[in-house]
Amino acid sequence: DWARAENWPPHWKHENARAYAWMEDCHWLYRAILPATKPAPDEQLILVAEGVVYACEVRLDGRVLHRQAGMFLPFEIDLGDAHAGQTLDILVFPAPKTA
């Protein structure tokens with residue numbers, strides 16, 4: 001996501017991977033403020049992640065809703081109890097480095 005936002009070249013081409021190396025030492029935070037719109041009675045508010053590398057923690061106003069570690073594991077979280085204005089955070093942690 002960072003590389004796309006900064007218009008970086010693909011990491012898998014030529015020697016480009018070297019420019020990405022520092023990212024292995026960082027964690028990433030995705031943050032959203034939940035909108036005031038409530039789902040209709042026959043709808044659900046669900047966070048869908050198609051896969052996170054390597055580990056992540058999902059928090060709603062600081063309360064941990066979900067933790068996981070592994071490669072590209074999808075998950076879904078029902079946010080039906082969430083309220084407008086609450087902060088949804090997804091913290092993404094890098095894979096542990098090998099020696």
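Any value given below was found using the heavy atoms of this structure, including those in side chains, with hydrogens, waters and symmetry copies removed.
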**Report entry** His11 side, atom NE2; Arg18 side, atom CZ - distance, nearest 0.5 Å
**Finding:** 15.0 Å
Query raised in the report: Out of curiosity, Leu88 CG to Asp61 CG, how far, rounded to the nearest 0.5 Å?
Result: 9.5 Å
Requested in this report: Go through Phe75 and Val58 one step at a time and tell me if the side-chain contact (heavy atoms from CB on, under 4.5 Å) criterion holds.
Outcome: CA-CA 11 Å; Phe75 63 87; Val58 179; 3.9 Å; yes
Query raised in the report: Is the number of heavy atoms from other residues, nucleotides or ligands within 6.0 Å of CD (Gln44) greater than 12?
Result: no
Report summary line: When rounded to the nearest 0.5 Å, the distance separating CG of Leu73 from SG of Cys56 is 9.0 Å
Report summary line: Separation between CZ (Arg67) and CG (Leu91), nearest 0.5 Å, reads 10.5 Å
Query raised in the report: Glu50 and Pro74: which non-hydrogen atoms are nearest, and at how many Å?
Result: O-CB, 3.7 Å
Query - Residue from Asp81, Leu34, Ile77 passing side-chain contact (heavy atoms from CB on, under 4.5 Å) with Leu60 - result: Leu34
Query raised in the report: Ion pair present between Arg59 and Glu57, side-chain N to carboxylate O less than 4.0 angstrom?
Result: yes
Requested in this report: Find out whether His27 and Val92 are in side-chain contact, i.e. whether some heavy atom of one side chain is under 4.5 Å from a heavy atom of the other.
Outcome: no
Report summary line: Nearest heavy-atom approach of Ala84 to Ala36 is CB-CA, 3.4 Å
**Report entry** Expected output: side-chain Asp89 to main-chain Arg31 donor-acceptor under 3.5 Å
**Finding:** no
Query raised in the report: Any idea how Trp28 and Trp22 line up, ring-wise: parallel (<30°), tilted (30 to 60°), or perpendicular (>60°)?
Result: tilted
Query - Heavy-atom pair of closest approach, residues Pro10 and Asn16 - result: O-ND2, 2.8 Å
Report task. Hey, could you give me the CD1/CG distance between Ile46 and Leu79, rounded to the nearest 0.5 Å? Result -> 8.5 Å
Query raised in the report: For the side chain of Glu6 and the backbone of Ala3, is there at least one donor-acceptor N/O pair under 3.5 Å apart?
Result: no
